[in-house]
Amino acid sequence: MKLLKEKVMTEGIVLSDQVLKVDSFLNHQMDPVLMREVGAEFARLYAGEKITKVLTIESSGIAPAIMTALELDVPMIFARKHKSLTLRDDILVEKVYSFTKRETNEITVSKKFLNKDDRVLIIDDFLANGEAAFGLARVVEQAGASVVGIGIVIEKSFQPGARLLEEAGYRVDSLVRIASLDNGTVTFV
Ligand code: G4P
């Protein structure tokens, strides 16, 4: 995606050889025009796949996921990382370990929003080690539903997530793929 690549090039800040800061358009301030294009692109990639739900994880996955769901004309669900006051029983729970933050979160989705007939498109902002995507896929499978694919806005291809997900049999579509962040520079695949 040309616009997304341009944004990464002009506004992305390489914090280390592992971490890219994109808080001006994706992780804090969000660019609605870019998010609309991201949603349209995922919808184009999954047209004809009979997607019934889009699933993401709070918080930065929500913007690309809602725009994708709008284009596909289906509901969007976000997995919660923090316990909700009103979400108590009948929940699907999975543990997700974050290498970046060195902590494990329990992610939860209410059982009433996913059922065995659902064909789910998982969307997330970043793909690094794949822990969040695997956790979301396990939530879908716990419900007896199908993971049709995993759509990622920015894949860090030098980390193992994409490879591990594909080896596990999942379809992965990343809108931009970063080969390296070495020497303070973004190099695309
Ligand atoms: P993984 O799910 O692929 O294994 O990734 P990891 O645990 O390493 O990532 C934990 C959090 O850090 C996720 O956000 C993920 O999106 C984000 N992240 C990973 N690598 C980068 C990076 O290079 N740049 C940026 N900006 N973020 C990265 P999160 O904690 O869930 O945050 P949020 O969704 O609430 O914003």
Side-chain angles (χ1 to χ4, degrees), residues 1 4-32 34-35 38-39 42 54-69 76-84 93-109 120-141 147 149-168 170-189:
M1 262 192 71
L4 179 59
K5 255 189 182 171
E6 277 169 17
K7 278 282 193 186
V8 170
M9 300 276 280
T10 55
E11 297 182 27
I13 299 164
V14 178
L15 287 187
S16 69
D17 59 5
Q18 300 288 310
V19 179
L20 176 71
K21 183 168 171 156
V22 287
D23 66 348
S24 69
F25 63 90
L26 184 59
N27 288 144
H28 192 18
Q29 176 170 263
M30 290 179 174
D31 180 332
L34 177 66
M35 290 303 117
V38 163
F42 284 132
V54 173
L55 176 66
T56 189
I57 181 165
E58 64 177 341
S59 51
S60 301
I62 292 176
I66 192 74
M67 298 314 274
T68 304
M76 184 277 280
I77 308 160
F78 67 90
R80 292 182 178 274
K81 284 193 270 195
H82 304 286
K83 294 225 161 43
S84 153
V93 184
E94 286 291 340
K95 286 193 163 51
V96 171
Y97 178 73
S98 167
F99 287 94
T100 313
K101 296 183 176 171
R102 294 199 182 87
E103 63 182 26
T104 300
N105 281 302
E106 279 201 336
I107 65 166
T108 54
V109 170
V120 181
L121 172 58
I122 292 171
I123 297 287
D124 209 358
D125 56 332
F126 265 93
L127 178 58
N129 295 289
E131 295 291 329
F134 271 114
L136 290 169
R138 288 195 300 271
V139 165
V140 173
E141 285 153 9
V147 177
I150 298 169
I152 299 294
V153 181
I154 301 176
E155 172 189 310
K156 292 188 291 180
S157 308
F158 57 88
Q159 290 181 294
R163 179 177 56 78
L164 295 174
L165 288 165
E166 281 170 351
E167 281 174 5
Y170 297 109
R171 171 179 169 186
V172 179
D173 291 279
S174 303
L175 300 186
V176 300
R177 298 167 68 216
I178 294 175
S180 143
L181 295 172
D182 292 349
N183 307 314
T185 312
V186 178
T187 308
F188 295 104
V189 171

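Indexing begins at 1, ligand by ligand and atom by atom, following the structure's order. Computed from a predicted structure; not experimentally measured. Just so it is clear, the values below take in all heavy atoms, side chains as well, and ignore hydrogens, waters and symmetry mates. Position 1 is the first residue of the sequence, and the numbers go up from there.
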Shortest heavy-atom approach to atom 19 (C) of ligand 1 - which of Lys156, Gln159, Glu131: Lys156

Closest approach of any protein heavy atom to [atom], naming residue and atom:
| atom | result |
| --- | --- |
| atom 17 (C) of ligand 1 | Phe126 CB, 4.5 Å |
| atom 35 (O) of ligand 1 | Ser59 OG, 2.9 Å |
| atom 6 (P) of ligand 1 | Thr100 OG1, 3.3 Å |

Side-chain donor/acceptor of [X] to backbone N/O of [Y], under 3.5 Å:
| X | Y | answer |
| --- | --- | --- |
| Lys156 | Gln18 | yes |
| Glu58 | Lys81 | yes |
| Thr187 | Ala179 | no |

Contact check, [X] vs ligand 1, heavy-atom distance below 4.0 Å:
| X | result |
| --- | --- |
| Gln18 | yes |
| Lys81 | yes |
| Gly130 | yes |

Contact bool for [atom] (protein heavy atom, d < 4.0 Å):
| atom | result |
| --- | --- |
| atom 10 (C) of ligand 1 | yes |
| atom 25 (C) of ligand 1 | yes |
| atom 29 (P) of ligand 1 | yes |

Side-chain donor-acceptor pair present, Gln29, Ser24, cut-off under 3.5 Å: no

Arg177 CZ: over 12 foreign heavy atoms closer than 6.0 Å: no

Ile150 and its side chain to side chain contact (heavy atoms under 4.5 Å, CB included) partner, picked from Val120, Leu136, Leu165, Asp124: Leu165

Pair Glu106 + Lys95, salt bridge at N-O below 4.0 Å: yes

If you count the atoms of ligand 1 from 1 in the order shown, which ones are under 4.0 Å from a heavy atom of [X]?
| X | answer |
| --- | --- |
| Asn27 | 25 (C), 26 (N) |
| Ala128 | 3 (O), 5 (O), 8 (O) |
| Asp125 | 16 (O) |
| Phe99 | 7 (O) |
| Ser60 | 33 (P), 34 (O), 36 (O) |
| Val19 | 22 (C), 23 (O), 24 (N) |

Looking at side-chain heavy atoms only, is the closest gap between [X] and [Y] below 4.5 Å?
| X | Y | result |
| --- | --- | --- |
| Asp17 | Phe158 | no |
| Met9 | Phe188 | yes |
| Phe42 | Leu175 | yes |
| Val109 | Leu55 | yes |

Test of proximity, Leu20 against ligand 1: N or O pairs below 3.5 Å: yes

Geometric N/O contact Ala132 with ligand 1, under 3.5 angstrom: yes

